[in-house]
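Presented below is the structure to which this report refers.
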Amino acid sequence: MSPISTRKHGDVLIVTSNNPPVNALSHAVREGLVAAIGEADSDDGVKAVVILCQGQTFFAGADITEFGKPMLLPMLPTVVDIIENCTKPVVAAIHGTAFGGGLEVALASHYRVAVPSAKLGVPEVKLGLLPGAGGTQRLPRVAGVQKALEMAATGNPIGAKEAFEIGLVDRLIEGDLEQHAVAFAEEVKDVRPIPKSSARDDKLAEARANPQIFADFRKANARKFKGFDAPESNIRAIEAAVAKPYAEGVQDERRLFMELMTGTQARAQQYFFFAERKAAKIDGLPDDTRPRDIGRVGVIGAGTMGGGISMNFLSAGVPVTIVEMAQEALDRGTGVMRKNYEASAAKGRMSGAQVESAMGLLKPTLELEALADCDLIIEAVFENMEVKKEIFGKLDSIAKPGAILASNTSYLNIDEIAASTSRPEDVLGLHFFSPANVMKLLEVVRGAKTAPDVLVTAMQLAKKIRKVAVVAGVCHGFIGNRMLMPRQVEAMKLLLEGATPEQIDRVHVEFGMPMGPFQMSDLAGVDIGWHRDPTRIENIRDALAAEGRWGQKKGAGFYDYDEKRTPSPSPRVAEIIADFRARTGTAQHQIGDQEIVERTLYTMVNEGAKILEEGMAQRASDIDVVWVYGYGWPVYRGGPMFWADTEGLGKIVEGLERRGFEVAKLLADKAAAGEKFTR
Ligand code: 3HC
């Protein structure tokens with residue numbers, strides 16, 4: 001059965017798509033749309049057409065699962081042209097998300113009506129692509145060049161109300177969408193000539209008069225777009241819309257689209273789209289597992305972590321009880337939260353009323369007993385097993401039956417923490433990344449006894465607070481920090497053997513990481529995990545910490561910083577490194593960039609393979625999600641495991657062996673069998 005059905009309401013042909021979950025424009029949908037337009041053209045009784053979708057959304061785009069396979073005709077560019085050339089006016093009736101190819105269908109329709117909650121966007125850039133069905137040519141003609149640039153090159157959608165204000169939507173519909181869309185079609189059925197987006201020119205005039213618009217846009221977004229291919233191609237396609245007639249512009253669009261589609265970045269970004277969605281699925285849980293209700297959350301610790309964690313829940317409308325040991329620390333913590341919210345309000349990201357309503361949900365207290373009515377309690381105190389065990393022991397007698405007890409530890413053994421309670425099945429790790437109110441990643445650490453419904457609750461809650469959750473097993477550092485360790489160890493060894501912090505960081509930044517290992521140390525604090533004894537200097541890090549070079553917060557770490565926190569290479573650090581080279585008698589050699597890649601990145605892949613082998617991650621793609629969302633691994637390289645696949649596992653194994661590393665069995669086996677981690 002075709003997902004596209006048609007029926008007549010008077011002289012309006014209603015074309016309905018029913019292709020759950022998101023009405024992707026799969027082959028059958030494209031075929032059905034062409035047939036429906038044919039029906040409208042050939043039926044004299046039809047005076048206008050309404051295209052709408054059943055279910056949660058209007059067409060959310062091309063069917064991404066079809067990418068990389070031979071394309072079945074009709075292709076989407078043909079379909080949209082057929083829609084635009086329909087001899088009867090076509091009205092797109094939009095709810096949910098008109099995304100990508102979906103918005104292109106709407107742009108080719110002669111009119112667009114939408115419910116106020118609808119979102120319109122061209123997110124192709126996030127898949128390493130550009131709108132390839134005329135979108136780069138029609139959108140600037142309808143929405144204006146500046147708006148089209150913003151939408152296409154960033155991929156961020158706009159709301160229906162804004163779309164209405166800029167003329168992308170012709171009417172906002174309150175009430176029943178189908179009924180009003182049909183009424184709208186009745187109104188416009190006799191209007192001639194039928195308005196075609198591709199024939200419009202009025203909104204291009206401004207950009208023609210001010211060609212600087214493109215250079216300005218590139219400059220304003222240079223940082224955001226760095227490393228990515230697709231934003232620039234989107235800009236070029238829109239430049240073509242301004243500079244060339246429509247028929248030539250679409251040819252440029254097609255060429256640019258195909259260039260992107262056959263590149264590695266698009267493959268990586270499309271892989272990542274599905275990786276992110278797969279991460280939410282936990283293998284092997286009983287099908288009937290139901291989440292527990294979470295009405296109130298308790299957070300222990302009002303420091304940076306506890307405060308950030310609390311903000312996630314407050315922003316999502318979940319009341320939070322936050323506990324500290326001293327009034328001063330409690331006031332300071334809640335003060336920082338308010339300040340952060342007010343900073344968001346100052347940037348226009350939330351209203352004053354939203355700030356007050358979030359803060360109104362917060363109950364600060366000095367009493368651990370106040371957590372008795374919480375359904376989930378997250379401990380976010382400093383990393384010390386004894387302290388954590390003591391807290392969980394107390395929670396065991398305070399928390400109500402069925403409450404979930406979570407630790408935000410980034411390294412410690414969750415099973416050991418769980419054993420300090422009489423209800424280990426209610427215990428798990430919820431490892432937030434700093435700043436916890438901003439970073440998207442949440443590692444959900446599954447203890448040996450964690451109950452299925454506790455896990456399911458955590459995954460559902462993560463979605464509610466707009467985090468991407470990944471399940472990790474109990475091991476030192478879980479997925480993310482465990483893989484960081486070999487990188488840190490090798491980075492320090494490289495310093496001793498002749499590299500500089502600047503060189504190592506540069507290699508990582510050129511690779512696409514937001515910062516290198518030493519820049520990250522300076523940001524997080526060189527003193528983190530330091531033994532705090534300035535007379536005990538066993539390595540370079542100890543030496544820096546002993547001198548108070550604790551990183552950015554002290555104006556000195558692996559780099560020197562000025563008042564604006566601009567880093568510069570530090571002569572003092574060079575002295576410390578030279579001293580350690582001499583003291584340890586380490587042989588020096590010329591270190592090339594490739595050696596840095598092999599020793600700091602190949603070793604991460606090797607650790608990832610061990611994590612998989614031990615079942616600490618469910619799948620290779622979960623590891624990639626951790627690294628993209630937790631550490632800023634460039635999404636256009638997919639994540640460490642996808643990247644290893646694109647490098648070739650044989651090459652990774654050869655590099656590791658040549659440098660004397662023990663290769664993980666899974667990695668060696670896969671390389672030998674010519675297999676990949678991610679497919
Ligand atoms: N193709 C195929 N499958 C898709 C899809 C698409 N375009 N969009 C979503 N899905 C699938 C997801 O993989 C997921 O499958 P699963 O249940 O098996 O995991 C399911 O639909 C539901 O998706 P979400 O979990 O993301 O559901 P949400 O309700 O959270 O979000 C959404 C819905 C906002 C539509 C979101 O899915 C989304 O942003 N989708 C991608 C939209 C997009 O990128 N469109 C452009 C495609 S490229 C294009 O159109 C090229 C053209 O210009 C030629």
Side-chain angles (χ1 to χ4, degrees), residues 3 17 19-30 33 53 55-69 71-81 83 94-108 117-139 148 151-159 230 233-234 237-238 250 253-261 265-267 269-283 440 459-460 462-469 619 621-622 625 635:
S17 170
N19 188 28
V22 298
N23 281 303
L25 287 148
S26 58
H27 176 234
V29 173
R30 298 195 300 275
L33 283 173
C53 292
Q56 64 169 16
T57 179
F58 192 73
F59 307 109
D63 187 338
I64 308 169
T65 60
E66 290 180 358
F67 290 178
K69 301 177 188 157
M71 251 341 224
L72 296 170
L73 300 180
M75 304 246 290
L76 197 56
T78 313
V79 178
V80 297
D81 283 349
I83 294 172
I94 300 167
H95 76 294
T97 45
F99 277 2
L103 185 57
E104 292 175 301
V105 165
L107 282 164
S117 60
K119 288 203 165 85
L120 295 87
V122 273
E124 283 88 340
V125 72
K126 294 182 181 171
L127 300 169
L129 297 173
L130 51 81
T136 63
Q137 307 303 299
R138 288 192 179 93
L139 187 59
M151 289 174 72
T154 68
N156 296 332
I158 60 171
S233 300
N234 272 275
I238 295 173
V250 278
E253 176 189 273
R254 185 98 304 252
R255 182 178 47 77
L256 290 162
F257 181 85
M258 290 317 292
E259 276 171 20
L260 289 175
M261 191 59 140
Q265 291 203 354
R267 237 175 358 103
Q269 289 179 255
Q270 286 156 32
Y271 153 81
F272 194 77
F273 175 85
F274 290 112
E276 182 179 338
R277 281 155 183 82
K278 242 188 271 168
K281 302 185 170 90
I282 308 177
D283 295 336
K440 279 197 82 167
M459 301 310 272
Q460 199 191 53
K463 201 158 184 184
K464 181 162 186 180
I465 60 173
R466 302 159 78 112
K467 300 279 178 216
V468 177
R619 37 186 102 84
S621 59
D622 282 9
V625 173
V635 65

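Values below: all heavy atoms of this structure, side chains included; hydrogens, waters and symmetry mates excluded. Both ligands and their constituent atoms are indexed starting at 1 by order of listing.
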Is Leu76 in polar range of ligand 1, meaning some N or O pair under 3.5 Å apart? no

Quick one: does ligand 1 sit under 4.0 Å from the side chain of Thr97, the backbone, both or neither, non-hydrogen atoms only? side chain

Does any N/O atom on Gly101 come nearer than 3.5 Å to any N/O atom on ligand 1? yes

Residue-ligand contact Lys278/ligand 1, heavy atom below 4.0 Å: no

Please could you name the atoms of ligand 1 that Leu127 approaches to less than 4.0 Å, counting only its heavy atoms? 44 (O), 47 (C), 48 (S)

Of all protein heavy atoms, the one nearest atom 9 (C) of ligand 1 is Val22 CG2, 3.5 Å

State the CD-CD1 distance between Glu253 and Ile238, to the nearest 0.5 angstrom. 9.5 Å

Does Glu104 form a side-chain contact (heavy atoms from CB on, under 4.5 Å) with Gln137? I'd like the steps, not just the answer. CA-CA 10 Å; Glu104 292 175 301; Gln137 307 303 299; over 6 Å; no

Can you find an N or O of Glu104 that's nearer than 3.5 Å to an N or O of ligand 1? yes

CE of Met71 to CZ of Arg30, rounded to nearest 0.5 Å, is 4.0 Å

Tell me the protein heavy atom at minimum distance from atom 53 (O) of ligand 1, and give that distance in Å. Glu124 OE2, 2.6 Å

Nearest heavy atoms of Leu130 and Ser233, plus distance in Å: CD2-O, 3.7 Å

of all protein heavy atoms, closest to atom 34 (C) of ligand 1 is Phe99 CE2, 3.9 Å

Which of the atoms in ligand 1, numbered in the order shown and given with their element, are less than 4.0 Å from a heavy-atom of Phe274? 13 (O)

To check your reading of the model: name the closest protein heavy atom to atom 25 (O) of ligand 1, its residue, and the distance in Å. Arg277 NE, 3.9 Å

Quick one: nearest non-hydrogen protein atom to atom 11 (C) of ligand 1, plus distance? Pro21 CG, 4.3 Å

Do any nitrogen or oxygen atoms of Gly100 lie less than 3.5 angstrom from nitrogen or oxygen atoms of ligand 1? no

Flag: protein heavy atom within less than 4.0 Å of atom 27 (O) of ligand 1: no

Tightest non-hydrogen contact, residues Gly101 and Leu25, listed as C-CD1, 3.4 Å

Any N/O of Gly132 closer than 3.5 Å to an N/O of ligand 1? yes

Among all protein non-hydrogen atoms, which one is nearest to atom 35 (C) of ligand 1, and what is the separation to 0.1 Å? Ala60 CB, 3.4 Å

Residue Ala24 vicinity, atoms of ligand 1 by number, heavy atom under 4.0 Å: 1 (N)

Students should be able to answer this: which protein heavy-atom is nearest to atom 19 (O) of ligand 1, and at what distance? Lys281 NZ, 2.7 Å

At what distance, to the nearest 0.5 angstrom, does CG of Leu107 lie from CD1 of Ile83? 11.0 Å

Residues in ring pair (Phe, Tyr, Trp, His ring centres under 6.0 Å) contact with Tyr271, at least two apart in sequence or another chain: Phe642

Ligand 1 contact by Thr57, heavy-atom criterion under 4.0 angstrom: no

Test of understanding: with ring pair (Phe, Tyr, Trp, His ring centres under 6.0 Å), list the residues that count as partners of Phe257, not counting sequence neighbours. none

Can you tell me how far apart CE (Met261) and CZ (Arg254) are? Round to the nearest 0.5 Å. 8.5 Å

Side chain, backbone, both or neither: which part of Pro123 has a heavy atom under 4.0 Å from ligand 1? side chain

Under the side chain to side chain contact (heavy atoms under 4.5 Å, CB included) test against Val79, which residue among Val105, Leu33, Val29 passes? Leu33

Should the heavy atoms of other residues, nucleotides or ligands under 6.0 Å from NZ of Lys119 be counted, would the total exceed 12? no

Write down the atom of Ala24, the atom of Ala62, and the distance for their closest heavy-atom approach. CB-O, 4.2 Å

Atom indices of ligand 1, in the order listed, that fall short of 4.0 Å to a heavy atom of Pro131: 53 (O)

I need the Asp63 CG to Leu76 CG distance, nearest 0.5 Å. 11.0 Å

Determine the minimum heavy-atom distance between Arg619 and Lys278, stating which atoms define it. NH1-O, 2.8 Å

Within the protein, is there a heavy atom lying under 4.0 Å from atom 15 (O) of ligand 1? no

Nearest-contact summary for atom 40 (N) of ligand 1 - protein heavy atom, Å: Phe273 CZ, 3.6 Å

Ligand 1 contacted by Gly135 (non-hydrogen, < 4.0 Å): no

When rounded to the nearest 0.5 angstrom, what is the spacing between CG in Leu103 and CZ in Arg138? 11.0 Å

Does the protein put any heavy atom within less than 4.0 Å of atom 31 (O) of ligand 1? no

Below 4.0 Å from any atom of ligand 1, is there a heavy atom belonging to Asp63? yes

